[in-house]
Every structure is written in C-alpha cells, then in structure tokens.
Amino acid sequence: QVQLVESGGGLVQAGDSLRLSCAASGRTVSTYVMGWFRQAPGKEREFVAAITESGRRTYYADSVKGRFTISRDNADNTVYLQMNSLKPEDTAVYYCAGKTNPLLFSTVGNYDYWGQGTQVTVSS
C-alpha cells in the first residue's frame, strides 16, 4: 500500500506563489503516474496536473497552464506542485494521487491512491 501526504497549503494573496509537496511512503512511486487534483466547495474534483513515471512528460489543465509546474524526485519519493500567479479561483483543497494503470491521467476514477488533501486559499 502507498500512503500519500500533502503539505504546503495555506492562505495567500492573489499573485503570490505556493509550493505543494506530496510525500509517498510504504512503497516507491517511481513506477506511478502522479497527479494533482483540486476540489472547490460545491464543485467536483478536477484535474490540475500530471507527470509520467520518469518525469519526462507533464500535463496540465488549461486553467493552470503557464502558472503551475509539476515535478517529482523519485529518489525522495516526493511530488511537487509549484503554483505561481495564484488567483482567487485557485482556492480549493488540493489532492495528490497516484496510479499504475495506463488509463487517462486526467480522470479522477483512474487513480488508485489519494492523499488527504491540503487547503489552498487565495484572497483577492
């Protein structure tokens, strides 16, 4: 079993930056596609970013492209989400997730493991 623990969330102002971390334990996630998702109050959980096992390829939702960067350190079993130029609409609980299947990376239901989430609040 893999345990994922997110950290780094907080309250910031519009235009600020945050870096989220996702620490994995129990098993190496170097063979997992890792993703970040978010869920705002009253809304469904949505895809934010994903990174392939090696880290060579990354994918982003249109709403964060150019502002967010996903990365991973397989030696440290950790995945990161650097968030720049934050906007109030980025306010949500952010979740880290991992999967080993070849199914679409942007679909919530295709991920096997989830963290508990970290709150990001962006004030205007």
Side-chain angles (χ1 to χ4, degrees):
Q1 279 286 47
V2 172
Q3 292 79 44
L4 302 174
V5 179
E6 302 95 336
S7 62
L11 171 63
V12 297
Q13 293 188 329
D16 285 350
S17 298
L18 276 176
R19 189 174 85 151
L20 306 183
S21 298
C22 171
S25 61
R27 184 177 295 183
T28 177
V29 293
S30 62
T31 59
Y32 289 44
V33 170
M34 300 297 295
W36 284 96
F37 291 77
R38 66 187 182 187
Q39 187 166 17
K43 294 188 177 181
E44 292 190 353
R45 194 169 298 189
E46 64 175 7
F47 170 73
V48 174
I51 188 167
T52 56
E53 297 90 326
S54 66
R56 289 196 184 97
R57 285 181 290 171
T58 57
Y59 307 92
Y60 298 93
D62 287 343
S63 59
V64 307
K65 205 171 291 184
R67 299 188 298 123
F68 290 11
T69 303
I70 188 171
S71 62
R72 66 191 300 162
D73 182 344
N74 283 341
D76 205 29
N77 230 21
T78 303
V79 180
Y80 302 97
L81 185 68
Q82 177 67 43
M83 306 186 295
N84 298 330
S85 303
L86 282 161
K87 304 175 181 180
E89 51 264 43
D90 294 320
T91 295
V93 177
Y94 282 70
Y95 297 91
C96 172
K99 70 179 187 76
T100 57
N101 60 67
L103 301 176
L104 190 62
F105 56 82
S106 58
T107 301
V108 171
N110 291 344
Y111 284 78
D112 304 304
Y113 302 101
W114 291 86
Q116 83 291 346
T118 185
Q119 177 71 47
V120 172
T121 304
V122 185
S123 64
S124 56

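Below, all heavy atoms of this structure are taken into account, side chains as well, without hydrogens, waters or symmetry copies.
Sorted by first and then second residue, the ring-ring contact (aromatic ring centres under 6.0 Å, His included) pairs involving residues 55-104 (not counting sequence neighbours) are Tyr59-Phe105. Among residues at least two apart or in separate chains, there is no disulfide (SG to SG under 2.5 Å) pair with a member in residues 32-75. Residue pairs meeting the ring-ring contact (aromatic ring centres under 6.0 Å, His included) criterion with at least one partner in residues 3-29, sequence neighbours excluded, do not occur; the list is empty.
Annotation: side-chain contact (heavy atoms from CB on, under 4.5 Å) contacts of Gln119 (sequence neighbours excluded): Thr91, Val93, Thr121. Here Glu44 pairs with nothing under the side-chain contact (heavy atoms from CB on, under 4.5 Å) rule; sequence neighbours left out. Scored by the side-chain contact (heavy atoms from CB on, under 4.5 Å) test, Asn84 finds Ser17, Gln82 as partners (sequence neighbours excluded). Listed by chain and residue number, Pro88 satisfy the side-chain contact (heavy atoms from CB on, under 4.5 Å) test with Ser124 (two or more places apart in sequence, or in another chain). Residues passing the salt bridge (Lys or Arg N to Asp or Glu O under 4.0 Å) test with Lys43: none are found, sequence neighbours excluded. Under the rule for a salt bridge (Lys or Arg N to Asp or Glu O under 4.0 Å), the partners of Arg67 that lie at least two apart in sequence or sit in another chain are Asp90. Legend: residues meeting salt bridge (Lys or Arg N to Asp or Glu O under 4.0 Å) with Glu46, ordered by chain and number and at least two apart, are Arg38.
By the criterion of side-chain heavy atoms lying less than 4.5 angstrom apart, applied directly or through intervening Ile, Leu, Val, Met, Phe, Trp or Tyr residues, Phe47 is grouped together with Leu104 in one hydrophobic cluster. Ile51 is connected to Leu81 through a chain of hydrophobic side-chain contacts under 4.5 Å among Ile, Leu, Val, Met, Phe, Trp and Tyr, so both are in one cluster.
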Please report, to 0.1 Å, the donor-acceptor pairs under 3.5 Å made by any side chain of residues 2-16, with sequence neighbours excluded.
{"from": "Glu6", "atom 1": "OE1", "to": "Gln116", "atom 2": "N", "distance (Å)": "3.0"}
{"from": "Glu6", "atom 1": "OE1", "to": "Gly117", "atom 2": "N", "distance (Å)": "2.9"}
{"from": "Glu6", "atom 1": "OE2", "to": "Cys96", "atom 2": "N", "distance (Å)": "2.8"}
{"from": "Glu6", "atom 1": "OE2", "to": "Gly117", "atom 2": "N", "distance (Å)": "3.3"}
{"from": "Asp16", "atom 1": "OD2", "to": "Gln13", "atom 2": "N", "distance (Å)": "3.1"}

Using residues 24-34 as the side-chain source, report each donor-acceptor pair under 3.5 Å to any protein atom, sequence neighbours left out, with the distance given to one decimal.
{"from": "Thr28", "atom 1": "OG1", "to": "Ser30", "atom 2": "N", "distance (Å)": "3.2"}
{"from": "Thr28", "atom 1": "OG1", "to": "Ser30", "atom 2": "OG", "distance (Å)": "3.1"}

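Listed for the Asp76 side chain is no donor-acceptor partner under 3.5 Å among the backbone atoms of Thr78. Side chain of Lys87 to main chain of Glu89: no donor-acceptor pair is present (N/O by atom type, distance under 3.5 Å, no hydrogens or angles).
Here the CG-OG1 distance, from Asp112 to Thr100, works out to 5.0 Å after rounding to the nearest 0.5 Å. For the atom pair CZ (Arg72) and OG1 (Thr52), the distance works out to 7.0 Å, reported to the nearest 0.5 Å.
Taking each heavy atom of Gly35 and Tyr111 in turn, the nearest pair found is N-CE2, 3.8 Å. Nearest heavy atoms, Met83 versus Val120: CE-CG2, 3.9 Å. Listed here is the closest heavy atom pair of Tyr113 and Gln1: CE2-OE1, 2.9 Å. Summarising the geometry of Trp36 relative to Ser21, their closest heavy-atom pair is CH2-O, 3.7 Å, with the distance given to 0.1 Å.
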